Amino acid sequence: MRSHKDLIAWQRARVQTLAVFELAGARWSPSLAAPWDQLRRAALSVQLNLAEGHAMGPGRRCAYHVRIAYGSAVEVTELLELLDCLGLPTRELVAESRRVQALTHALHRSLTER
């Protein structure tokens, strides 16, 4: 049986989550506490909802969790773009986030077109 860790979307989300946590740990400040904290939660949500969806097996519950992961992926991109506008070094993470977003969207589409 294949694991959620075999999903390319999960693999990229995992890389993104680790990068977000590393950058947030290095750049966190009280004045930006809210976006950093929300960014960490959203990044983690992508990875964990992909895992939980896979654990549900094929069907509507899986698609539901993948849809939540996609929404969180959009949120991650928005937060990273905001931090980039504020002058923080998130540009490379924005590009990776867009890839995670596209992979998650494609996975959701493949689950709902059956």
Side-chain angles (χ1 to χ4, degrees):
M1 182 173 162
R2 294 185 61 197
S3 164
H4 65 278
K5 293 179 180 183
D6 294 322
L7 297 171
I8 303 284
W10 182 90
Q11 293 168 9
R12 298 311 313 159
R14 170 79 169 178
V15 168
Q16 176 181 263
T17 300
L18 293 171
V20 161
F21 271 72
E22 182 179 329
L23 185 61
R27 296 291 184 139
W28 188 93
S29 68
S31 64
L32 294 173
W36 281 121
D37 293 344
Q38 186 64 27
L39 177 59
R40 286 189 298 217
R41 284 191 299 276
L44 194 56
S45 175
V46 177
Q47 178 185 339
L48 296 180
N49 272 290
L50 289 170
E52 189 170 358
H54 188 274
M56 295 293 158
R60 290 185 346 192
R61 293 198 62 188
C62 177
Y64 170 78
H65 284 285
V66 173
R67 187 179 72 208
I68 300 257
Y70 174 67
S72 293
V74 171
E75 184 178 4
V76 168
T77 302
E78 288 294 320
L79 286 160
L80 288 168
E81 288 173 346
L82 171 69
L83 292 169
D84 182 57
C85 288
L86 295 172
L88 291 156
T90 60
R91 192 155 300 177
E92 287 181 28
L93 282 177
V94 169
E96 179 62 20
S97 183
R98 287 185 182 133
R99 284 189 288 274
V100 170
Q101 195 175 316
L103 287 165
T104 307
H105 186 272
L107 179 59
H108 182 260
R109 202 171 54 243
S110 75
L111 293 169
T112 58
E113 290 177 354
R114 293 179 181 182

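We're numbering straight along the sequence, starting at 1. The structure displayed is predicted, hence computed values, not measured ones.
- The minimum heavy-atom distance between S97 and V76, with the atom names listed, is OG-CG1, 3.4 Å.
- L82 CG to L39 CG: the interatomic distance, rounded to the nearest 0.5 Å, is 10.0 Å.
- Under 3.5 Å, the side chains of R109 and H105 contain a donor-acceptor pair of N or O atoms.
- Here the shortest heavy-atom pairing between M56 and C62 reads CB-N, 4.0 Å.
- Residue Q11 comes nearest to K5 through the heavy atom pair NE2-O, 2.8 Å, listed as atom of the first residue, atom of the second, then distance.
- Annotation: side chain of H108 is in contact with side chain of T112 (closest heavy-atom distance under 4.5 Å).
- V15 shares a hydrophobic cluster with no other residue; no ILVMFWY side chain has heavy atoms under 4.5 Å from its own.
- In this structure, V100 and A13 approach most closely via the heavy-atom pair CG2-N, 3.9 Å.
- Cluster annotation: L32 is connected to W28 through the hydrophobic network of ILVMFWY side chains, with a link wherever side-chain heavy atoms come within less than 4.5 Å.
- Rounding to the nearest 0.5 Å gives a distance of 9.0 Å between CD of Q16 and CZ of R12.
- The distance from the OG1 atom of T77 to the CD atom of E96 is 10.0 Å, given to the nearest 0.5 Å.
- Put simply, L83 and L23 are part of the same group of oily side chains (I, L, V, M, F, W, Y) that touch within less than 4.5 Å, one to the next.
- Between the CZ atom of R98 and the CG atom of L80 there is a distance of 9.5 Å, given to the nearest 0.5 Å.
- Considering all non-hydrogen atoms of both residues, L7 and L50 come closest at CD1-O, 4.5 Å.
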Could you check E75 against Q38 for side-chain contact (heavy atoms from CB on, under 4.5 Å), going step by step and ending with a plain yes or no? CA-CA 9 Å; E75 184 178 4; Q38 186 64 27; 2.4 Å; yes
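- Shown here for L111 and A63, the closest heavy-atom pair between the two residues is CD1-CA, 4.1 Å.
- Between atom OG of residue S31 and atom CG of residue L86 there is a gap of 9.0 Å, rounded to the nearest 0.5 Å.
- Going from atom CH2 of W36 over to atom CG of L79 covers 9.5 Å, rounded to the nearest 0.5 Å.
- A 6.0 Å sphere centred on CZ of R14 holds no more than 12 heavy atoms belonging to other residues, nucleotides or ligands.
- When each of H65, H54, H4 is tested with W10 by the rule ring-ring contact (aromatic ring centres under 6.0 Å, His included), just one qualifies, namely H4.
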